[in-house]
Amino acid sequence: MPDGEIKTAKAPASDARFGRGFLLDIWYFAALSSDLKPGKLQRYEILGEPVLLGRDRQGRTYGLRDICPHRAAPLSAGKLVAETDGTPSVECPYHGWRFRTDGACSAVPSLVADQAMDVSKIRVRRYPTAESQGMVWIWVSSDPRFSGEPPEPPPVFEGVVGGGPKFVDHMDFEAHVDHAAVGLMDPTHAPYVHGQWWSRKAKGQHDKAKAFEPAERGFVMTRHPPSKSNRLYRLLGGDPLTEITFRIPGLRWEHVLVGRRQVLALTCLTPVTETRTRITQIVWTDHWVANLLRPWFKRMIRVFLHQDGDMVNLQNEGLKYDPSLLWIDDADRQAKWYQQLKREWMASRREGRDFVNPVEAATLRWRS
Ligand code: FES
Ligand SMILES: [Fe+2]
């Protein structure tokens with residue numbers, strides 16, 4: 001489906017059912033820092049809303065709802081201009097209304113001198129943004145009029161090494177973010193979906209037992225030596241130790257230590273609409289193998305994403321009948337945790353209280 005054709009009725013954001021609604025009052029990954037050039041206006045679609053993301057000429061990022069309050073032209077089709085005091089404004093391409101990067105209107109050019117109108121009362125929704133570790137994050141508030149600063153900084157990751165990402169790739173999955181998230185943490189699909197990178201199908205499957213603990217707004221598969229049959233880890237040589245963390249709203253990262261070298265593979269899910277999710281894969285490393293095999297790794301990430309994306313499309317053939325899903329222990333326990341985390345996040349926001357992590361430490365066992 002081309003972008004313009006999507007018309008999904010917006011489910012209430014507070015819908016806690018699986019496959020519906022979005023987590024709000026939380027940071028989402030929006031873009032890489034390098035995607036936003038000074039003075040350039042870029043249109044994104046995030047959580048079902050068009051969002052203009054930009055960077056002013058002083059280097060600061062900003063986010064605005066990409067719909068002019070006058071007659072709905074996309075502000076991103078306009079340009080960044082400087083007010084007489086030097087502050088930046090976005091000028092709408094249709095009638096030239098200007099909006100500061102905090103969302104307040106600064107000019108309505110059609111007004112004549114004696115037409116008194118307080119244009120600063122006109123506002124376009126502002127999305128707070130923050131830049132951290134080479135990534136741009138967007139705060140999606142439950143209150144569209146929210147004008148303050150988010151109560152916390154965006155997430156920070158251990159293992160951002162090597163002076164910038166070594167690999168970046170992204171793809172849009174035709175799935176609600178819940179399905180994408182559960183797909184990310186699904187421990188038993190790899191031999192079937194990504195077969196050639198693992199030891200082949202059933203023949204090479206082993207019983208696994210992995211220790212999990214609650215972690216900030218999520219859970220972590222505690223540091224352990226990865227499976228010897230996995231070719232990716234074998235390439236790294238030495239005795240790698242890996243730790244895999246999941247955090248709502250849709251962040252999963254694997255941090256591998258090989259002696260003094262590190263690999264951090266971060267996957268970020270950003271809902272585009274109710275039925276489409278952008279998946280961004282970013283890898284940092286100071287391991288020599290990554291530089292040596294860079295083209296091969298790049299291709300491999302691509303192949304992985306495609307394999308998952310194709311399976312999502314296939315799964316949609318079933319999901320369109322809205323069946324109930326049969327999650328089993330222990331293979332789907334992480335999916336259950338995800339759903340509990342989502343519910344608790346929504347309940348704690350609604351009730352104005354601290355989030356209490358519902359995950360309990362456990363060793364999960366499966367064969368894959
Ligand atoms: S639509 Fe933006 S100024 Fe008229
Ligand atoms: Fe996968």
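Counting starts at 1 for both ligands and their atoms, following the listed order. Nothing here was measured: the structure is a model prediction, and the numbers come from that model.
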- [ ] Could you grab the angle centred on the Fe ion (ligand 2), going from OD2 in Asp308 to NE2 in His189, to 10°?
- [x] 150°

TODO: Can you sort out which atoms of ligand 1 are near Arg71, meaning under 4.0 Å from one of its heavy atoms?
DONE: 1 (S)

TODO: Check ligand 1 against Cys68 and write out every atom of the ligand that is under 4.0 Å from a heavy-atom position of the residue.
DONE: 1 (S), 2 (Fe), 3 (S)

- [ ] Verify the distance criterion only: is there a donor paired with an acceptor across the side chains of His189 and Asp308 at less than 3.5 Å?
- [x] yes

Task: the Fe ion (ligand 2) - name of the N/O/S atom of His194 that sits closest to it - done: NE2

TODO: State which residue, out of Met171, Met135, His170, fulfils the side-chain contact (heavy atoms from CB on, under 4.5 Å) condition with Thr280.
DONE: His170

Open item on the list: Are Trp327 and Tyr338, when compared by the centres of their aromatic rings, separated by less than 6.0 Å?
Closed with: no

Open item on the list: Under a plain distance cut-off of 3.5 Å, with no hydrogens placed, do Thr87 and Asp85 share a side-chain donor-acceptor pair?
Closed with: yes

Open item on the list: Could you check whether any side-chain N or O of Asp25 sits under 3.5 Å from a backbone N or O of Ser142, counting only pairs where one atom can act as donor and the other as acceptor?
Closed with: yes

TODO: Assess His70: does it contribute an N, O or S atom lying under 2.8 Å from atom 2 (Fe) of ligand 1?
DONE: no

TODO: Specify whether an N/O/S atom of His95 falls short of 2.8 Å from atom 4 (Fe) of ligand 1.
DONE: yes

Open item on the list: Only heavy atoms of Cys92, strictly under 4.0 Å: list the atoms of ligand 1 that pass.
Closed with: 1 (S), 2 (Fe), 3 (S)

TODO: Determine whether the aromatic ring centres of Phe246 and Trp337 lie less than 6.0 Å apart.
DONE: no

